[in-house]
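Taking it in order: structure first as structure tokens, then the write-up.
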Amino acid sequence: MAVASVMLPLGTQAPAFALPDAISGKIYTLDDFKASPALLVMFICNHCPYVKHIRGHLVQMIAKYQKEGLAAVAINSNDIQRYPDDSPEKMKEEALQYGYTFPYLFDETQETAKAYRAACTPDFFLFDKDRKLVYRGRYDESRPNSPLEVTGADLSRAIEAVLRGEKVDTDQKPSIGCSLKWKPGNEPSWWNF
């Protein structure tokens with residue numbers, strides 16, 4: 001079922017996290033990215049067709065902007081009991097196969113997803129140098145099985161503005177994707193999908 005992002009309010013301070021990377025096992029925190037002028041936090045997973053649809057383009061786009069100072073981190077918060085394709089072992093395979101140049105973190109407790117109000121995969125949160133939220137929205141208007149080319153236009157416009165020190169357009173469209181797979185009974189109070 002496709003759901004839309006719940007659109008965390010602009011200006012929100014980036015919620016803290018301390019999560020293990022599926023590739024290295026290293027625990028990453030928000031402070032690991034403090035030197036970067038922009039931080040992109042993405043909620044993704046392995047099995048979602050919406051993520052698969054943009055994955056190749058996304059990896060290339062992030063690598064390009066990392067050269068310009070962007071820090072990026074992906075987080076998988078799905079329930080791996082019901083969705084074993086999203087397990088840390090499979091995350092590691094995914095990251096290596098597709099050449100992720102960013103940490104791919106596992107949010108086993110789902111507390112980080114709750115703090116960011118992540119609702120779908122993919123869900124994107126872009127923070128400025130002060131770690132204030134300046135963009136939360138879609139990658140672009142393309143969807144699986146649509147004739148529209150994957151461009152990353154919406155997200156790339158926001159990243160470029162932050163890297164240039166400019167204001168990000170506040171007219172933002174929510175990301176749409178597979179619903180985040182909450183553990184039974186762990187759904188947040190705001191969840192109504």
Side-chain angles (χ1 to χ4, degrees), residues 3-21 26-45 50-51 54 57-77 100-107 109-141 151-177 179-180 182 188-193:
V3 299
S5 172
V6 292
M7 306 287 279
L8 190 66
L10 293 174
T12 298
Q13 191 72 37
F17 57 82
L19 299 170
D21 178 34
K26 176 185 174 183
I27 302 295
Y28 280 88
T29 69
L30 200 56
D31 283 346
D32 288 314
F33 308 98
K34 64 184 174 190
S36 299
L39 172 64
L40 176 63
V41 178
M42 307 168 279
F43 287 84
I44 66 171
C45 68
Y50 289 84
V51 174
I54 66 167
H57 192 278
L58 175 67
V59 169
Q60 292 177 359
M61 187 176 91
I62 289 174
K64 171 190 163 191
Y65 289 123
Q66 283 174 321
K67 293 173 185 165
E68 299 175 31
L70 175 71
V73 61
I75 301 173
N76 170 20
S77 301
Y100 288 10
T101 57
F102 44 85
Y104 191 12
L105 311 181
F106 182 50
D107 177 24
T109 67
Q110 302 183 316
E111 292 306 309
T112 301
K114 287 180 181 180
Y116 280 79
R117 295 179 66 94
C120 58
T121 54
D123 215 350
F124 299 100
F125 301 85
L126 180 65
F127 298 89
D128 66 13
K129 63 179 171 31
D130 299 319
R131 296 305 175 251
K132 299 282 190 193
L133 184 66
V134 293
Y135 182 81
R136 75 286 187 257
R138 68 185 186 183
Y139 191 65
D140 59 27
E141 59 185 337
T151 64
D154 294 60
L155 182 57
S156 66
R157 271 193 302 272
I159 292 170
E160 287 174 7
V162 174
L163 291 176
R164 289 191 304 258
E166 298 172 2
K167 188 169 171 31
V168 177
D169 188 348
T170 58
D171 181 18
Q172 301 172 8
K173 309 276 189 294
S175 188
I176 294 176
S179 65
L180 205 133
W182 301 103
S189 58
W190 47 264
W191 188 257
N192 59 0
F193 300 103

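Just so you know, these numbers use all the heavy atoms, side chains as well, and skip hydrogens, waters and symmetry mates.
The closest donor-acceptor contact from the side chain of Q110 to the backbone of D107 lies at 3.5 Å or more, if one exists at all. With Y135 contributing its side chain and R138 its backbone, the two residues share a donor-acceptor pair below 3.5 Å.
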Let me have the donor-acceptor pairs involving side chains of residues 61-75, under 3.5 Å, with sequence neighbours excluded, atom names and distances please.
| residue | atom | partner | partner atom | Å |
| --- | --- | --- | --- | --- |
| Y65 | OH | E160 | OE2 | 2.4 |
| Q66 | OE1 | T101 | OG1 | 2.6 |
| Q66 | NE2 | T101 | O | 3.0 |

Give every donor-acceptor pair under 3.5 Å between a side-chain atom in residues 126-133 and any protein atom, sequence neighbours left out.
| residue | atom | partner | partner atom | Å |
| --- | --- | --- | --- | --- |
| D128 | OD1 | D130 | N | 2.9 |
| D128 | OD1 | R131 | N | 3.1 |
| D128 | OD1 | K132 | N | 2.9 |
| R131 | NH1 | S36 | O | 3.2 |
| R131 | NH1 | D128 | O | 2.7 |
| R131 | NH2 | F33 | O | 2.6 |
| R131 | NH2 | S36 | O | 2.8 |
| K132 | NZ | Q13 | OE1 | 3.0 |

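Taking OG1 of T151 as the start and NE2 of H57 as the end, the distance is 6.0 Å to the nearest 0.5 Å. Rounding to the nearest 0.5 Å gives a distance of 7.0 Å between OG1 of T109 and CG of L19. Atom-to-atom distance recorded for L39:CG and L30:CG is 6.5 Å, nearest 0.5 angstrom. Atoms OG and CG, on S77 and L105 in that order, are 9.5 Å from each other to the nearest 0.5 Å. Atom OH of Y104 is separated from atom SG of C45 by 6.0 Å, given to the nearest 0.5 angstrom.
Considering every non-hydrogen atom in both I44 and P122, the closest pair reads CG2-CB, 4.2 Å. Among all heavy-atom pairs drawn from A153 and D140, the shortest one is N-CB, 3.7 Å. Taking both residues in full, the closest heavy atoms of L8 and R117 are given as CD1-CD, 3.6 Å, listed atom of the first, atom of the second, then distance. The shortest heavy-atom contact between A115 and P15 is O-CG, 3.5 Å. When every heavy atom of A118 is checked against every heavy atom of D123, the shortest pair comes out as CA-OD2, 3.5 Å. Nearest heavy atom pair, residue P37 against residue V162, reads O-CG1, 3.7 Å.
Between T12 and R136 there is no side-chain heavy-atom pair separated by less than 4.5 Å. Looking at heavy atoms from C-beta onward, W182 lies in side-chain contact with P188 at the 4.5 angstrom threshold.
Partners of F102 according to the ring-ring contact (aromatic ring centres under 6.0 Å, His included) rule, which considers only residues two or more places apart in sequence or in another chain, are Y100.
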Pair L155-L40, side chain to side chain contact (heavy atoms under 4.5 Å, CB included): steps then yes or no: CA-CA 10 Å; L155 182 57; L40 176 63; 4.0 Å; yes
Determine whether K173 and I176 satisfy the following criterion, side chain to side chain contact (heavy atoms under 4.5 Å, CB included), listing intermediate values before the conclusion. CA-CA 9 Å; K173 309 276 189 294; I176 294 176; over 6 Å; no
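Centroid-to-centroid, the aromatic rings of F125 and F43 come within less than 6.0 Å. Taking the six-membered ring where the residue is Trp, the centroids of F124 and Y139 are separated by under 6.0 Å.
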